[in-house]
Amino acid sequence: MAWPIGGGGMPELPEVEAVVNALGGIVRGKRITGVRVLRPQTIQSMSVTRFCRLLRGRVIERVRRRAKFILLDLSDGWTLVVHLRMTGGFVYAESRRPFPPTARVLFLLEGGARLAYTDIRNLGLIRLVRTERLDRWAEWRRLGVEPLSRTFTVRRLEEMLRGSRRAIKAFLLDQTKVVGLGNIYAAEALHRARLSPMRRAESVARSRARVVALYESIRETLREAIAAQSTGPLHLEFVNAQGQSHHPRRAPSPFRVYGREGEPCPVCGAPIRRIKQHGRSTYYCARCQT
DNA sequence: GGAAAGGCCTGAAAGC
DNA sequence: TGCTTTCAGGCCTTTC
C-alpha cells in the first residue's frame with residue numbers, strides 16, 4: 001500500500017500531542033541562546049531580525065497544544081506558535097552533527113543542545129506572539145472546540161451539525177467546528193461510527209443515535225491514536241551527544257480504512273473503497289457505512 | 001455566510 | 001533509462 005510522505009502519519013491532533021509531550025520533557029526550563037532562520041518565509045507576522053532578537057535569552061517555560069498548534073510559552077509573556085502542517089517536525093540534538101537539509105529554523109539552547117524545526121514541503125509556519133494577545137489573532141479565535149475537552153459534548157456537536165449541508169467528512173475537517181481531525185482520523189472516526197463520508201452533516205443531526213455514535217467515535221479514535229504514539233512521536237527526532245539518532249520506527253498501519261483501498265473492511269469484509277472528496281482521498285466501507 | 005475550487009509546497013510513484 | 005505527470009493533505013484565498 002502507499003504510505004503518505006512523512007513517515008506514516010500526517011501531524012493531526014494525536015501526533016501533535018505526542019510532539020508536545022516529548023518536546024516539553026526536553027526543552028522545558030531551557031534558555032534560548034540564539035536563533036538561526038534558514039528559511040525566512042517560515043516566520044510569520046514579523047521580520048526575521050525581530051524574531052531572532054525577541055527570542056534570544058528567553059526561557060521555554062511550558063510546551064502545550066491548541067488544535068494542531070504547538071505552543072512554547074516563553075519567559076516575559078511571549079509564545080512561540082508552531083504549525084507543522086503536512087511535513088513539519090523537530091530534531092533535537094545534543095551533538096554537533098549537521099542538521100538535515102530540510103532544517104528551516106535552528107534554536108540554540110543553553111548547554112549546547114540545538115533544536116531544529118524541519119519541513120520538507122515548507123508548508124509549516126512559525127510565529128512569535130505576545131501570550132496575552134493570542135486571542136486577538138483571527139485564525140486563533142476561529143478555532144473550534146477541542147474534541148477531548150469537557151466543552152465538547154453530544155449536544156454541542158449536534159448543534160454544529162444542524163444546519164450544515166456539507167458532507168460530514170468535510171464538516172469534520174473544518175477546524176472552526178471541531179479541531180484536531182485531519183484526513184486520516186476523519187475517515188477513521190466515520191468508519192467507527194458507521195457513517196458514510198458523503199452523508200450531509202445535517203442528516204447526522206436528525207438522529208440522536210448517530211450523533212452519539214459520531215461523538216464517541218471521534219473521541220475513541222483520537223484517544224487510541226494518542227496511546228499508539230506512546231512509543232515516541234514520529235515528528236520529533238533525538239540525536240544524542242554521540243551523534244546517534246533515535247527515531248521511532250514506523251509501526252504497521254494502525255488504521256481501519258485509511259490507506260487500505262481494496263482490503264477487506266475489518267467489520268464486514270467488504271472491500272474498502274477510495275473516493276475523491278474536495279480533492280482529498282476518502283477511504284470508507286460502502287457496505288457498513290451508511 | 002456557507003460551500004467548493006484552486007493554490008501552495010516537495011518528493012515519491014506512476015505513466016509513457 | 002529518463003523525462004513528465006500525478007498524488008499526498010492542511011489551510012488559506014478566491015469565487016460562486
Side-chain angles (χ1 to χ4, degrees), chain A residues 1-20 38-45 65-71 81-89 99-105 117-127 137-144 146-147 159-190 197-205 221-222 225 234-235 250 253 255 257-262 272-284:
Chain A
M1 62 164 280
W3 277 95
I5 295 166
M10 301 296 166
E12 300 184 26
L13 186 151
E15 289 76 20
V16 174
E17 180 84 9
V19 170
V20 163
L38 307 174
R39 184 179 179 272
Q41 302 95 308
T42 300
I43 308 305
Q44 303 284 299
S45 78
R65 179 190 64 75
R66 166 76 171 110
K68 297 175 193 171
F69 289 99
I70 296 167
L71 306 170
V81 184
V82 181
H83 198 303
L84 304 177
R85 290 278 180 96
M86 299 294 298
T87 53
F99 279 109
T102 54
R104 309 304 180 202
V105 182
Y117 170 76
T118 63
D119 195 347
I120 296 170
R121 291 187 212 167
N122 291 325
L123 292 168
L125 304 169
I126 296 179
R127 64 167 58 206
W137 180 20
E139 187 182 336
W140 185 263
R141 274 207 307 274
R142 284 198 300 269
L143 288 173
E146 286 284 340
E159 287 168 356
M160 288 189 285
L161 290 165
R162 201 179 296 143
S164 174
R165 297 173 56 80
R166 309 166 86 178
I168 185 65
K169 167 83 183 308
F171 175 91
L172 292 180
L173 294 178
D174 187 343
Q175 300 298 300
T176 69
K177 302 291 192 290
V178 181
V179 302
L181 289 168
N183 201 45
I184 296 172
Y185 295 118
E188 293 295 297
L190 286 171
M198 288 91 81
R199 179 184 277 278
R200 286 183 194 271
E202 63 182 4
S203 89
V204 176
T221 298
L222 293 174
L234 283 167
H235 306 274
R250 179 201 299 163
S253 169
F255 307 126
V257 289
Y258 182 82
R260 293 192 180 277
E261 182 183 16
I272 301 296
R273 287 191 188 173
R274 179 166 73 116
I275 57 167
K276 279 278 178 188
Q277 275 187 301
H278 316 297
R280 304 282 177 268
S281 282
T282 295
Y283 297 87
Y284 75 110

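Heavy atoms only: backbone and side chains are in, while hydrogens, waters and symmetry mates are out. To find a chain, count down the sequence lines: A is the first, B the second, and so on, and within it residues start at 1.
At least one side-chain nitrogen or oxygen of A:Arg166 sits closer than 4.0 Å to the OP1 or OP2 atom of B:dA3. Contact annotation: A:Ser281 does not reach the phosphate of C:dC7 (side-chain N/O to OP1 or OP2, under 4.0 Å). One finds no side-chain N or O of A:Lys276 lying less than 4.0 angstrom from the OP1 or OP2 phosphate oxygen of C:dC7. Phosphate contact (OP1/OP2 of B:dA5, side-chain N/O of A:His278, threshold under 4.0 Å): present. OP1 or OP2 of B:dA3 lies within a sub-4.0 Å distance of a side-chain N or O belonging to A:Ser164. Residue A:Asn122 places none of its side-chain N or O atoms closer than 4.0 Å to OP1 or OP2 of B:dC9. The phosphate of C:dG9 (OP1 or OP2) has a side-chain N or O of A:Tyr258 nearer than 4.0 angstrom.
A:Glu139 places its CD atom 10 Å from the C1' atom of C:dG10, with the value rounded to the nearest Å. Between A:Ile168 atom CD1 and B:dA3 atom P there is a gap of 11 Å when expressed in whole angstrom units. Note: CG (A:Leu13) to C1' (C:dG9) measures 17 Å, nearest angstrom. In this structure, the CD atom of A:Glu188 is 16 Å from the C1' atom of C:dG9, given to the nearest Å. Distance CG (A:Leu173) to P (C:dC11): 9 Å, rounded to an integer number of Å. A straight line from CG of A:Asp174 to C1' of C:dG9 spans 15 Å, rounded to a whole angstrom. A straight line from CG of A:Leu161 to P of B:dG2 spans 14 Å, rounded to a whole angstrom. When rounded to the nearest whole Å, the span between CD of A:Gln277 and P of B:dA3 equals 14 Å.
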- [ ] Evaluate the criterion salt bridge (Lys or Arg N to Asp or Glu O under 4.0 Å) for residue pair A:Glu146 and A:Arg66; output intermediate values, then yes/no.
- [x] CA-CA 8 Å; A:Glu146 286 284 340; A:Arg66 166 76 171 110; 3.1 Å; yes
Open item on the list: Let's go through A:Arg121 and A:Thr87 carefully: what are the C-alpha distance in whole Å and the side-chain angles of both, what is the deciding distance for side-chain hydrogen bond (donor to acceptor under 3.5 Å, both in side chains) to 0.1 Å, and is it a yes or a no?
Closed with: CA-CA 6 Å; A:Arg121 291 187 212 167; A:Thr87 53; 4.8 Å; no
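The environment of CZ in A:Arg273 is sparse: at most 12 heavy-atom neighbours from other residues, nucleotides or ligands sit within 6.0 Å.
Distance check, rounded to the nearest 0.5 Å: CZ of A:Arg199 to CD1 of A:Ile168 gives 9.5 Å. Taking CG of A:Leu181 as the start and CG of A:Leu222 as the end, the distance is 5.0 Å to the nearest 0.5 Å.
Relative to the axis of its first five pairs, the axis of the last five pairs of the helix from B:dG2-C:dC16 to B:dC16-C:dG2 sits at 60°, rounded to 10 degrees.
Nearest-nucleotide assignment on DNA chain B puts the 5′-proximal partner with A:Arg165, out of A:Arg280 and A:Arg165. Each of A:Thr102 and A:Arg85 lies near DNA chain B, and the nucleotide nearest A:Arg85 is the one positioned closer to the 5' end.
Residue pairs meeting the salt bridge (charged side-chain N to carboxylate O under 4.0 Å, His left out) criterion with at least one partner in residues 169-185 of chain A, sequence neighbours excluded, are A:Arg166-A:Asp174, A:Asp174-A:Lys177.
Taking the six-membered ring where tryptophan is involved, the planes of A:Tyr185 and A:Phe255 are perpendicular, since the angle between them exceeds 60° and thus also 30°.
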